[in-house]
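The block underneath contains the structure these notes are about, expressed in structure tokens.
In this text the structure is predicted, and so the values were computed from the model without any measurement. Reckoned from all heavy atoms, side chains included, excluding hydrogens, waters and symmetry mates.
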Amino acid sequence: MNIEHIITELEQQDPELHDRMSSRRSAINGLASIGGKLALAAIPLALGSLFKKAYGQSTSGIVQVLQFALTLEYLEAEFYTLGAAAPGLVPAGPPTGAIATIRDHENAHVSLLKTTISSLGATPVPKPTFDFSAGDGSGNGPFKGVFSNYPLFLAVAQTFEDTGVRAYKGQAGELISSNDVLTAALKIHSVEARHAAHIRYMRRNLTANNTIKPWITGKDTGGIGAAVQASYNGEDVSAQAGINIVGINGTGVGVNAATEAFDEPLSKQAVLDIVAPFIV
């Protein structure tokens, strides 16, 4: 397959690529006159340079987002791995199965992100050392005993899942130049949302009056308290795209429903600040 054929195939996948690349096509085709191994070595470099110019950016921004996502997935995978292995922590029956399933999902996310980062020519960030008490390495943070206290374990799990959902949403725009990577990230995002809802369901089963909801109302922490408030700040927005959802079109949509119907993104810095106490 020659370079011209490669470009033709790419144009079929992206019709707008032709216009962006037409001025450079002749230069790229000139590589065909370079013989043997030199031509083979030049093709990846030439195409990489061409894509950077055609799309106006390199893959470095995408890699940064994926490294950020990988760190979050490391945290969740380690958390559920330790939780599933902790003797007597998770009650036998459906809860045990649920935590084991979520653990396996998170480990699959780690594997995918590491493979994707490597395919982009970068080295995946190493897994940090975690302190799940949120004690900055002391082990004596506000969540001390997280792997011996089942309600506390679920509370921390809820916080991680709710934060993860907002984190993926906040970074989706940074991946828009790569359809494959964006698609993969959105697939992870939707599963994290399912995790969040199921963990909330498991917490609801522990309360006598079933007050825990599968969604976030305003910026309420679901009864966890001030220690995790940063994960929920900003969720009390009742307007979307400049439109106030409360009472929209004469409906009876109240403030609570207006905030529950939409999740707000978290910035990368906000997420890093939230998880910082958990990373040694």
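Cluster annotation: Leu206 and Ile212 are assigned to distinct hydrophobic clusters (Ile/Leu/Val/Met/Phe/Trp/Tyr, side-chain heavy-atom contacts under 4.5 Å, transitive). Residues Val156 and Leu272 share a hydrophobic cluster, clusters being chains of Ile/Leu/Val/Met/Phe/Trp/Tyr side chains in contact below 4.5 Å. Grouping the Ile, Leu, Val, Met, Phe, Trp and Tyr side chains by contacts below 4.5 angstrom, directly or via other members, places Tyr168 apart from Val237. Ile279 and Val271 fall within the same hydrophobic cluster, defined by Ile, Leu, Val, Met, Phe, Trp and Tyr side-chain heavy atoms under 4.5 Å apart, directly or through other members. Taking hydrophobic clusters as Ile, Leu, Val, Met, Phe, Trp and Tyr residues chained together by side-chain heavy-atom distances below 4.5 Å, Trp215 does not share a cluster with Met202.
In this structure, Asp131 contributes its side chain and Gly137 its backbone to a donor-acceptor pair below 3.5 Å. Counting only distance, with no hydrogens or angles, the side chain of Asn244 and the backbone of Val246 share a donor-acceptor pair below 3.5 Å. Between the side chain of Arg204 and the backbone N or O of Pro214, no donor-acceptor pair lies under 3.5 Å. Using modelled atom types, no side-chain atom of Glu76 and backbone atom of Thr71 make a donor-acceptor pair closer than 3.5 Å.
Using a 3.5 Å distance cut-off with no hydrogens or angles, the side chains of Thr259 and Ser238 do not pair a donor with an acceptor. Side-chain contact check for Asn256 and Glu260: no donor-acceptor pair (N or O, by modelled atom type) lies under 3.5 Å. For the 3.5 Å distance criterion, the side chains of Glu106 and His195 qualify, holding a donor opposite an acceptor. Side-chain polar atoms of Lys187 and Thr183 form no donor-acceptor pair below 3.5 angstrom. Residues Gln240 and Glu264 have side chains that bring a donor and an acceptor to within less than 3.5 angstrom of each other. In this structure, a donor-acceptor pair under 3.5 Å is absent between the side chains of Tyr232 and Asp220.
Scanning both residues, Val125 and Tyr74, for their nearest heavy atoms gives O-OH, 2.8 Å. The shortest non-hydrogen separation linking Ala122 to Val63 is CB-CG1, 3.7 Å. For the residue pair Val165 and Ala196, the shortest heavy atom distance occurs at CG2-CB, 4.4 Å. Taking each heavy atom of Thr116 and Ser119 in turn, the nearest pair found is O-OG, 2.6 Å.
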Could you pull out every donor-acceptor pair under 3.5 Å between side chains of residues 94-102 and any protein atom, sequence neighbours left out?
| residue | atom | partner | partner atom | Å |
| --- | --- | --- | --- | --- |
| Thr96 | OG1 | Pro91 | O | 2.6 |
| Thr101 | OG1 | Gly97 | O | 2.9 |

Show me the donor-acceptor pairs within less than 3.5 Å that the side chains of residues 140-155 make with the rest of the protein, sequence neighbours left out.
| residue | atom | partner | partner atom | Å |
| --- | --- | --- | --- | --- |
| Asn140 | OD1 | Lys144 | NZ | 3.1 |
| Asn140 | ND2 | Ser138 | O | 3.4 |
| Ser148 | OG | Gly145 | O | 3.1 |
| Asn149 | OD1 | Leu152 | N | 3.1 |

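Leu182 contributes atom CG, which lies 11.0 Å from atom CD of Glu174 (distance to the nearest 0.5 angstrom). Taking OG of Ser178 as the reference point, atom CD1 of Ile62 lies at 4.5 Å (rounded to 0.5 Å). Atoms OG and CD, from Ser231 and Gln158 in turn, are 9.5 Å apart once rounded to the nearest 0.5 Å. Here the CD-CG distance, from Glu73 to Leu112, works out to 9.5 Å after rounding to the nearest 0.5 Å. Distance check, rounded to the nearest 0.5 Å: OG1 of Thr163 to CD1 of Ile274 gives 4.5 Å. Remark: Leu113 CG to Ser118 OG distance equals 10.5 Å, nearest 0.5 Å.
Listed by chain and number, the residues in a side-chain contact (heavy atoms from CB on, under 4.5 Å) with Ala270 are Leu266, Ser267 (sequence neighbours excluded). Contacts of Arg103 classified as salt bridge (Lys or Arg N to Asp or Glu O under 4.0 Å), with partners at least two apart in sequence or in another chain: none. For Thr129, the side-chain contact (heavy atoms from CB on, under 4.5 Å) criterion is met by Val280, not counting sequence neighbours.
Annotation for Phe262: hydrophobic cluster partners, listed by chain and number, are Ile243, Ile245, Ile248, Val253 (ILVMFWY side-chain heavy atoms under 4.5 Å, direct or chained).
Using a 4.5 Å cut-off on side-chain heavy atoms (C-beta onward), Ile117 and Thr123 make no contact. Contact annotation: the side chain of Asn107 never approaches that of Tyr80 to less than 4.5 Å [non-hydrogen atoms, C-beta and beyond]. Side-chain contact between Gln229 and Thr221 is present, with heavy atoms from C-beta onward closer than 4.5 Å. Two residues are said to be in side-chain contact when any heavy atoms from C-beta on lie closer than 4.5 Å; Lys114 and Leu70 meet this criterion. Leu82 places a side-chain heavy atom less than 4.5 Å from the side chain of Glu78.
Looking at Arg200 and Glu161, no side-chain N of the basic residue comes within less than 4.0 Å of a carboxylate O on the acidic one, giving no salt bridge.
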Does the side chain to side chain contact (heavy atoms under 4.5 Å, CB included) test come out yes or no for Leu66 and Leu120, once each step is laid out? CA-CA 10 Å; Leu66 294 179; Leu120 294 173; 3.8 Å; yes
Quick one: do Phe278 and Asp136 satisfy side chain to side chain contact (heavy atoms under 4.5 Å, CB included)? Show the steps, please. CA-CA 6 Å; Phe278 295 96; Asp136 293 308; over 6 Å; no
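A side chain to side chain donor-acceptor pair (under 3.5 Å) with Glu192 is found for exactly one of His105, Arg166, His109, namely His109.
Taking the six-membered ring for Trp and the full ring otherwise, Phe132 and Phe79 have centroids separated by under 6.0 Å.
Other residues, nucleotides and ligands contribute over 12 non-hydrogen atoms within 6.0 Å of the NZ atom of Lys268.
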